[in-house]
Amino acid sequence: MAAAHTTSSHTCDSSEEDCLRLRLKLLTSLPSSPRDPLELRHLPAFRLTQLAQEAKLSPPSPSFQRLVSELTTHLSSLSSAPSSDVDTFKNEKRRKTQQILKNFASVVSHEEWQRYVHFNDTHYTRNLVTASDDFELIVICWKDGQRSRIHNHAGSGCFVTCLQGPLTETFYQNFLGSAFETNDPDHLLGPVGVENSSIQLTGKRDLRAGDVGFIDDQVGLHAMSAEQGNCVTLHLYSPPIRVSTVIEPENALVLQRLPGFWSVAGLVIAFDK
């Protein structure tokens, strides 16, 4: 199903004509790529955030701005982990991050996150709120029955805050190994064979509105699905993910791909399915 080429007025500071000019600016700024020529939505999240700021798209709401400020202060200190007790330090940072997100979920209004809600009939959508060198914030919209494939997080920490749910999360043992823990977009992309027997389910849970979950490659792999109605979730990835590994056990395949975005700062940029 094609994406709509119009946007609601709250995504730009002025008119829809300005929004269309922004699209052209974004498209003409893209370098040609033999792998994915002029594919706007596969630009790095940080670059898309810069372009949105240059185009003077409306900034995030006050609640989102406070969240970004807290996360910037908190996550930028991760590199200062004491070498003698890295695991304890990271666990404490994870708990603090989850608490920041839980506090945010308790105060943010429906109107504030509605700006980033764009459903699509054929697939869930990834809608970029903002990104930096340390993290990216993405609102993912799931229509009833939509699901992700089983996937890893390429060495990134993934925090999932449920804004509207429930969303079902299914966990699997991580059999991929360190070769797939890369965030290098020039890393080999494409299919790699895998035996169906390698996929081992380890658990399942429902995330309801206000819940905050966490997963990384040490915890395992997961898949997410909307099984009880439409869902909206806020995903924090730290550091940002450039390459994702997805598993299709029904086809005995592992695929590496570049994650893309349906919208940036509320503006739809996806023109195809």
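Computation of the quantities below employed the complete heavy-atom set of this structure, encompassing side-chain atoms and omitting hydrogens, waters and symmetry-equivalent molecules. Along the sequence shown, the residues carry numbers beginning at 1.
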* To do: State which residues pass ring pair (Phe, Tyr, Trp, His ring centres under 6.0 Å) with Phe159; sequence neighbours excluded, sorted by chain then number.
  => Phe214
* To do: Name all residues meeting the ring pair (Phe, Tyr, Trp, His ring centres under 6.0 Å) criterion together with Tyr172; count only those two or more places apart in sequence or in a different chain, and write none if there are none.
  => none
[X] and [Y]: which non-hydrogen atoms are nearest, and at how many Å?
X: Ala265; Y: Arg115; value: O-NH2, 2.8 Å
X: His118; Y: Ser263; value: CD2-OG, 3.4 Å
X: Arg149; Y: His151; value: O-ND1, 2.8 Å
X: Phe46; Y: Ser132; value: CD1-CA, 3.5 Å

* So which pairs with a foot in residues 157-170 pass salt bridge (Lys or Arg N to Asp or Glu O under 4.0 Å), sequence neighbours left out? -> Glu169-Arg205
* Asked: With sequence neighbours left out, which residue pairs that include part of residues 226-237 fulfil the salt bridge (Lys or Arg N to Asp or Glu O under 4.0 Å) condition?
  -> none
* **Distance, nearest 0.5 Å, that separates CG of Leu137 from OH of Tyr116** => 9.0 Å
Short side-chain to backbone donor-acceptor contact, [X] and [Y], under 3.5 Å:
X: Gln65; Y: Pro60; answer: yes
X: Thr49; Y: Ala131; answer: yes
X: Asn152; Y: Leu221; answer: no
X: Ser156; Y: Ser238; answer: yes

* Report the C-alpha separation of Leu234 and Ile138 in whole Å, then their side-chain angles, then the decisive distance to 0.1 Å, and conclude whether the side-chain contact (heavy atoms from CB on, under 4.5 Å) test is met. => CA-CA 6 Å; Leu234 176 68; Ile138 302 167; over 6 Å; no
* Asked: So, His235 and Thr233: side-chain donor and acceptor under 3.5 Å apart, yes or no?
  -> yes
* To do: Look at the aromatic rings of His153 and His222 and report parallel, tilted or perpendicular, splitting at 30° and 60°.
  => perpendicular
* Pair Phe261-Asn127, side-chain contact (heavy atoms from CB on, under 4.5 Å): steps then yes or no -> CA-CA 6 Å; Phe261 300 100; Asn127 304 281; over 6 Å; no
* Asked: Can you check side-chain contact (heavy atoms from CB on, under 4.5 Å) on Val160 and Met224, steps first, answer last?
  -> CA-CA 10 Å; Val160 182; Met224 311 198 82; 4.0 Å; yes
Non-neighbouring partners of [X] that pass side-chain hydrogen bond (donor to acceptor under 3.5 Å, both in side chains), sequence neighbours left out:
X: Ser109; answer: Glu112
X: Thr161; answer: none
X: Asn103; answer: Gln99
X: Arg95; answer: Glu92

* Asked: Step by step, would you call Ile215 with Phe171 a side-chain contact (heavy atoms from CB on, under 4.5 Å)?
  -> CA-CA 9 Å; Ile215 189 171; Phe171 299 93; 3.8 Å; yes
* To do: Report the C-alpha separation of His110 and Gln114 in whole Å, then their side-chain angles, then the decisive distance to 0.1 Å, and conclude whether the side chain to side chain donor-acceptor pair (under 3.5 Å) test is met.
  => CA-CA 6 Å; His110 178 274; Gln114 190 65 32; 3.0 Å; yes
* **Same cluster (ILVMFWY, side-chain, under 4.5 Å), Leu201 and Phe175** => yes
* Considering only heavy atoms from C-beta outward, does the side chain of Leu71 approach that of Ser69 to under 4.5 Å? -> no
* To do: I would like to know whether His123 and Thr125 meet side chain to side chain donor-acceptor pair (under 3.5 Å); could you show each step before the answer?
  => CA-CA 6 Å; His123 198 271; Thr125 65; over 6 Å; no
* Among all residues two or more places apart in sequence or in another chain, which pass the side-chain contact (heavy atoms from CB on, under 4.5 Å) test with Asn230? -> Phe119, Lys143, Asp144, Gln164
* To do: Report the residues that fulfil side-chain contact (heavy atoms from CB on, under 4.5 Å) with Tyr124, sequence neighbours left out, ordered by chain and then residue number.
  => Arg126, Ile140, Trp142, Gln146, Ser148
* To do: With sequence neighbours excluded, tell me which residues meet salt bridge (Lys or Arg N to Asp or Glu O under 4.0 Å) with Arg208.
  => Asp206
